[in-house]
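Chain identifiers are assigned alphabetically (A, B, ...) following the order of the sequence lines, protein sequences preceding nucleic acid strands; residue numbering begins at 1 within each chain.
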There are 2 protein chains.
Amino acid sequence: MDEKKLKSSRKSYERLEKVIGCKWSVSVLEAVRLGIKRPGILERSIEGISTKVLSERLRRLTDYGLLEKHIFAEVPPRTEYTLTEAGESLVLIISQIQELDEKIANSK
Amino acid sequence: MDEKKLKSSRKSYERLEKVIGCKWSVSVLEAVRLGIKRPGILERSIEGISTKVLSERLRRLTDYGLLEKHIFAEVPPRTEYTLTEAGESLVLIISQIQELDEKIANSK
DNA sequence: CAGAATCCTGCCGGATACTG
DNA sequence: CAGTATCCGGCAGGATTCTG
């Protein structure tokens, strides 16, 4: 009954929790959405993020299917990330959260 | 320009990140939504959660305005938590995330 | 039964240096 | 420039105990 509902809903959230629950993930998604595609620029645009964390996030978001990675065989090497369809959806959902947050903040 | 957008959007997400980004928060919200209102039962329903963490989450969710706390002056003491309007909204948003997650999981 | 207080540990994230 | 490897400090969260 209830307990089972709880478990399955928790499980289906845990995956995404690992992705969006951790620091910087949302910032990265939104930066990409604004058209910032390359790691170097991302690192400079997202104030405070480190190389290591950015790479980790890009990889995880890509593995999970929210970002898509395009590698260009050039010199110097170039890589670009774009949102997948799922990524777009998630960004929309997150903006709902932000709206809710502001609504709450204002009503205090 | 872009950088400013990034900062403000990040800021407005950070508050909620602190609330929903951490482990167990979502489980607690959903348990309450299923009508499990009292700490004792919550602790038994949410498999794996500890007393300390449950209290912390309940407090934070309440402080933030997602839960409402009702104290009954009885012996033994009784406390019940319910979702606020904002809490209901957030649960709806989270279920969108879960749907998205399953969609992604299935398309692999 | 609600929930505060302590103590401990693992892991996340930050800084830095290195390779292709 | 993209991405990985290493080292380290802080903090979230787990177990337990205690009190009103």
Using a heavy-atom cut-off of under 4.0 Å over every strand shown, decide if [X] touches base, sugar-phosphate, or nothing.
X	result
A:P77	base
B:K69	sugar-phosphate
B:Y81	sugar-phosphate
A:S55	base

If you compare every side-chain N and O of [X] against the phosphate oxygens of [N] (OP1, OP2), does one of them come in below 4.0 Å?
X	N	result
B:R59	C:dA4	yes
A:W24	C:dC12	no
B:R38	C:dA2	yes

Of B:L54, B:I46, B:L29, the one forming a side chain to side chain contact (heavy atoms under 4.5 Å, CB included) with B:W24 is B:I46
Does any non-hydrogen side-chain atom of B:Y64 lie less than 4.5 Å from one of A:I104?
yes
Practice prompt. Check the hydrophobic clustering (I, L, V, M, F, W, Y; side-chain heavy atoms under 4.5 Å; chains of links allowed) and say if A:L34 and A:I41 are grouped together.
Written response: yes
Check: A:K52 side chain, C:dG13 base, donor-acceptor under 3.5 Å: yes
**Report entry** Presence of salt bridge, A:E80 and A:R78, under 4.0 angstrom
**Finding:** yes
Counting heavy atoms from C-beta on, name the nucleotide in [options] closest to the side chain of [X].
X	options	result
A:V53	C:dG13, D:dA2, C:dG3	C:dG13
A:T79	D:dG13, D:dA2, C:dG3	D:dA2
B:K23	D:dG13, D:dC1, D:dG3	D:dG13

Tell me whether the count of non-hydrogen atoms from other residues, nucleotides or ligands lying under 6.0 Å of CD in A:E85 goes above 12. no
Here the distance between atom P of C:dC1 and atom NE2 of B:H70, to the nearest Å, is 20 Å
Whole-Å distance, A:E17 CD to C:dC12 P, equals 12 Å
Ranking A:E56 and B:E56 by the position along DNA chain D of their nearest nucleotide, the one closer to 5' is A:E56
